[in-house]
4 protein chains.
Amino acid sequence: MPAHPASRTPARIQGESGEAKVKRKGGALVDLAEQQEQRRGRPRSEAVERAIIDGVVALVEEGVPLAEVSIERVARTAGVGKATIYRRWSGREELFCDVLRAVEPEDPQLTGASMREDLIALLESMRLRGLANRSSALLHNVYAQMKSQPKVWAVYRATVIEPRRRLSLEVLRRGVENGEIRDDVDLELVNDLFTGPMLVRSVMRPDDAELEAGLPEQIVDSVLRGLRP
Amino acid sequence: MPAHPASRTPARIQGESGEAKVKRKGGALVDLAEQQEQRRGRPRSEAVERAIIDGVVALVEEGVPLAEVSIERVARTAGVGKATIYRRWSGREELFCDVLRAVEPEDPQLTGASMREDLIALLESMRLRGLANRSSALLHNVYAQMKSQPKVWAVYRATVIEPRRRLSLEVLRRGVENGEIRDDVDLELVNDLFTGPMLVRSVMRPDDAELEAGLPEQIVDSVLRGLRP
Amino acid sequence: MPAHPASRTPARIQGESGEAKVKRKGGALVDLAEQQEQRRGRPRSEAVERAIIDGVVALVEEGVPLAEVSIERVARTAGVGKATIYRRWSGREELFCDVLRAVEPEDPQLTGASMREDLIALLESMRLRGLANRSSALLHNVYAQMKSQPKVWAVYRATVIEPRRRLSLEVLRRGVENGEIRDDVDLELVNDLFTGPMLVRSVMRPDDAELEAGLPEQIVDSVLRGLRP
Amino acid sequence: MPAHPASRTPARIQGESGEAKVKRKGGALVDLAEQQEQRRGRPRSEAVERAIIDGVVALVEEGVPLAEVSIERVARTAGVGKATIYRRWSGREELFCDVLRAVEPEDPQLTGASMREDLIALLESMRLRGLANRSSALLHNVYAQMKSQPKVWAVYRATVIEPRRRLSLEVLRRGVENGEIRDDVDLELVNDLFTGPMLVRSVMRPDDAELEAGLPEQIVDSVLRGLRP
DNA sequence: GCCTAACCGAGACGGTACGTCACGTCTTTTA
DNA sequence: TAAAAGACGTGACGTACCGTCTCGGTTAGGC
C-alpha cells in the first residue's frame, strides 16, 4: 500500500482515485505484469504489513506520544525487523499516512431525502470522528503530526479531505436545486459555514466538553436560517 | 520568559492573567523585588534570549522543516551554547512555545462602534494571521507542531486562544444588548459560527487560494442574517 | 575482546591463559554453542575493532595527551560511530585496557640454559618495553592512566603482570634447584630484588637517560653476588 | 603557593632550595614585603586556600575517584567560588600538585650512625608512605594521576623525588667512605638496588599483603651482602 | 525435489541529536 | 579588589534512532 520506491508489492486492484494506490495497480496492464514479471522469490507477507500498522495503532492507543513512535520502536512492538518496514515505507511519514488511512472511518451514508438531513449526517460523522479521536487519542495525534509534514498532509488532503468536501458540495448543490437554500450564494463559502463550526469543536477544542449529540442539528439550523430563499 | 523549572529569572511579581508573561518584569513592583531578592551571580543576558528566538525564526523562514530545527542547530545558528538554551527552556516544546508567542500578532483594536464591525475586525485579524503564516511559513509550522505536544498546546490555548475567545464572546454579548442579534442563542455556538469558517480557510486550507480580502465581511453577513431578532 | 556486558562476540577459540579472553571461548563446548546459539544479526566486524584500537595508538603516538583521547575523538579518528565503540567497551577504561594488551610485547623467550641468562632475558624484555614506552609514549601513558582506574588496573595485573611474575618465580625456583642461588631465601623477595631496580629505571625514570644496554646484566650480577650459596 | 600566572600572593622572598615552597612567605622578610608593596584591595584569605586543599583531601578520602574530583565539585565541597580556585591555580593539575605536597610526609630523620641503619630508615619511610597511601587512598591515587600529566609529574619529581634521591646517594657515598660497601660500584645503580624492591612492593603491589615491618631490613641486608668490599 | 531469489528476524554500522555535566572565562553584587 | 554566585561558549559524556548494510534462516515459485 505504500508509495515507497522500493515497493514491489504485486498489485492489488482497487477503487478508482487514490493517488498513492494508483502507483501499484491499474487494470489489465497490471494483470499482464503479474503474469509476465511475477515477482520472484518469497512474496511479502500481508500479515507482517498488518502487524506493523496494528503496532503503531496499539502504541498510540496506549498513550505513547506520536513523537516517540520511532521506527525502531514500531519494529520492536510488531516483532519485525527494521528493514522489513523500510522495504514497505520510505520513512515515518509514509507509514503514518497509511496508518491514518487504516483508521479513517468510512464515509457517512447519505439518505438524499433532504439537504438538511444530509448535512446533519455529514456533521454527525465529523462529530463521531471527533469523539473517536478523543477516546482513542489516535487520529487526534496523527492528524496534528501530519500537519508538520507537508508531504503527508498533502496526501491526506487529497485522499481523505477533498473527497468529503466534494461530497458536501454536492449535497449543497442539490439543496439549491430543491430550493432549500437561495441560489445566489457561494457554495464554497456556505460549505465552510457548516463545517467550520463543527471542526472548531471537534479538532480545535476536542476536550472542551462532551461533543453534545445535538450539535450538528443546532449548527445546521442556525446557519440555514440565514440561507433560506 | 520560559516556564522551565530551572528558571530563576528575578521578577516574579505580576499582574493578573497571563501566566507565562507574568514571570517577567514590569514596573515598580519589580524594582522592589530587585532590591529585595536580587538574584545573585551573573544575570542572564536578554540579548542571548533574543538571539535564540530569532535564530529559530530565521531557520524556519529559510524553509528548514520544523522537525529539523534541533536544539543543537538552534544553538549553532544563534552562536550560543546548548546549556544556555536548556537553562531557559526544558526542551524543544517549551522553546517553540515562546517562539510562537514572540511572533504572535497583537490583539486587534476594536472600535466598539457595532458588533458587526468588531466581528469583522476580529475575523480580519485571523485572516491576516493566516496570510502571515503562509508567507513566513512560521506559524503554520509551529502551530502544527504544537498540537502534537499536548503540554505546549495547553499553554498556547490558555495564553493565546482563550483570551481571544473571551474577547469575541464579549463582542457578541454587547451585540445581544444592542439588539443586533437575538437573545435566545447560545453565544458559545454563535461564536463558533463566526470563527469556524474563518479558521477552516486560514488554518486548514491556507494555500487554497489567496484569502480574499472580503471574506470576513461575507462570513459575518451570511451568519448574521440567521441571527437577527 | 572486551569484557563489556553488552559483548556478544560469538566465540573465537584461542590460546590458554588470558583471563578476559576466556570469557568468550572455551573449546568444544563453544563449537557446540556456535551451532546452538549462533549469534543472530550481522556479526561485528573485526576490522572495525582493529581500526578503533589502532586509532587510539595513533593518537597517543602523535603526542596527544591521554586525557584528551576522548571516545568522541577516537571515533572521529577511526572513522567510526560512537555507538560502535560503546557496543564493545563500556567506556574509556575498558577500551584503554584492551589497547594496552594490544601493544603489550610478547613474553620473552627463555633459553633455560641457566638461571642467570633467563633472568637477564627477563630484565632485557623489561628494558625494551621501557624504551618502547619512551619512544612511542604509549605504554607510559596508558600505564599511568590505568593506575588511577582500579578496575582496569586489576585486570591488567591479572592478565599481564601476574603471569610474568609467575614466570619469573619459576626461573628462580630452577635456580635454587641448580644451586645457582642459596635455598634459604624468600623467592618473592628475591624476585623483587631483580625486577625492582629495573622497574625503577624503565617506569619511574624512563627519561633519565637512555636505558643502557648493559643494565640488566649489571643488576643481575650485582644481586646474584649476594645470593650465591 | 601555586605557580599560576595569575598568582598575586604577596611574599616573593624565599629561602634557598624548594622551588615551590619559595613562593610562600616565611617570616620577617615577608612582613617587610607586605608593608612595602602591600597588595591592594582585599587580601586573599588563607583560610580559603586551606579549605580548598582540605576539600580535595576530604573528597579523595571519602573514596571519590580522582577522575571525578572536578574543579566544580571541589568548589562546591569547599563552599568556594570557582573563580577563587582559578585565581590561585591554573587548573586541576596544579591544584593536585599542591595537594600532593600538602600530604607528603616529612623526610625521614637519619641518625648517620651507619649506612645500613640510614638505608633502613629511608626504606622504612617509603614503607610507611605506602601504608599511608593504602589507608588514605590519597597518594596512591594522586600519584597515579600525576603520571598522566607530565607537567605535574615533572614538578613532583623535582620537588619530592629528586631531593630524596640525593639524600639516598649521600648516604651511600658515606657508606663507601666508611668502607661499608665496595668503592668500585655505580652508586646510581646501587641506589636503585635498594629502592627498587621497596617501590615494587609499596607502589606496584600495594595491596599484595600488608607491607611487613621487617621488609626494609631484609632488602638492605640481602643487597648489602653482594656489595661488601 | 531441488534451485534460487526474495523475504524475514536480528543487529552492526556511520551518523545526528539528545539532555547533562564540567571546563575555564566572564560579569554581577556584596563585603 | 577579593569573594560567592552563576551565566556563558565549548565540547565530551553515554543513549536513542536514523536509514543502510550484512548475516543466517525461511518460504515460495520455476525448473
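First the proteins, then the strands, lettered A, B, ... as listed; each starts at 1.
Separating the CD1 atom of B/Ile52 from the C1' atom of F/dC8 is a distance of 11 Å, rounded to the nearest angstrom. Computed from coordinates, the C/Arg40 CZ to F/dT26 P distance equals 11 Å when rounded to whole Å. Counting to the nearest Å, the C1' atom of F/dT20 and the CH2 atom of A/Trp89 are 18 Å from each other. Atom CD in B/Glu46 sits roughly 13 Å away from atom P in E/dT28 (whole-Å rounding). The CZ atom of D/Arg87 sits 12 Å away from the C1' atom of F/dA5 (whole-angstrom rounding). Whole-Å rounding puts the D/Ile71 CD1 to E/dT25 P distance at 11 Å. The separation between A/Arg88 atom CZ and F/dG19 atom C1' is 17 Å, rounded to whole Å. Taking atom CD of residue A/Glu94 and atom P of nucleotide F/dG19, one finds them 11 Å apart after rounding to whole Å.
Put simply, A/Ser45 has no side-chain N or O that comes within less than 4.0 Å of OP1 or OP2 on E/dC7. Dashed line: the shortest gap from a side-chain N or O of B/Thr84 to OP1 or OP2 of F/dA7 is not under 4.0 Å. Neither OP1 nor OP2 of E/dT16 sits under 4.0 Å from any side-chain N or O of B/Ser70.
Counting only heavy atoms from C-beta on, A/Arg44 has its side chain closest to E/dC7 among E/dC7, E/dC13, F/dG9. Set against E/dG11, F/dC8, E/dG9, the side chain of C/Arg42 has E/dG11 as its closest nucleotide. Listed nucleotides E/dA22, F/dC18, F/dT15 differ in distance to C/Tyr86; the shortest reach to its side chain belongs to F/dT15.
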Would you tabulate the side-chain donor-acceptor contacts of residues 67-78 of chain B under 3.5 Å, counting partners in other chains and residues two or more places apart, or write 'none'?
{"residue": "B/Ser70", "atom": "OG", "partner": "B/Arg73", "partner atom": "N", "Å": "3.2"}
{"residue": "B/Glu72", "atom": "OE1", "partner": "B/Lys82", "partner atom": "NZ", "Å": "3.2"}
{"residue": "B/Thr77", "atom": "OG1", "partner": "B/Arg73", "partner atom": "O", "Å": "2.9"}

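For the atom pair A/Ile53 CD1 and A/Ile85 CD1, the distance stands at 10.5 Å (nearest 0.5 Å).
Remark on DNA chain F: of its neighbouring residues A/Val69 and B/Ala83, the 5'-side contact belongs to B/Ala83, judged by nearest-heavy-atom nucleotide. Residue order along DNA chain E, read from the 5' end via each residue's closest nucleotide, puts A/Gly81 first among C/Val48 and A/Gly81.
Within residues 72-80 of chain C, the residues having any heavy atom under 4.0 Å from DNA chain F are, by residue number, C/Glu72, C/Arg76.
Side-chain contact between C/Val99 and C/Leu95 is present, with at least one heavy-atom pair separated by less than 4.5 Å. Using a 4.5 Å heavy-atom threshold, the side chains of B/Ile52 and B/Val48 count as touching.
Residue A/Lys82 places a side-chain atom within donor-acceptor reach of the base of F/dG19, judged by atom type and a 3.5 Å distance cut-off alone.
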- Give the intermediate values and the outcome of side chain to side chain contact (heavy atoms under 4.5 Å, CB included) for residues B/Glu49 and B/Trp89. CA-CA 10 Å; B/Glu49 203 143 318; B/Trp89 297 278; 4.0 Å; yes
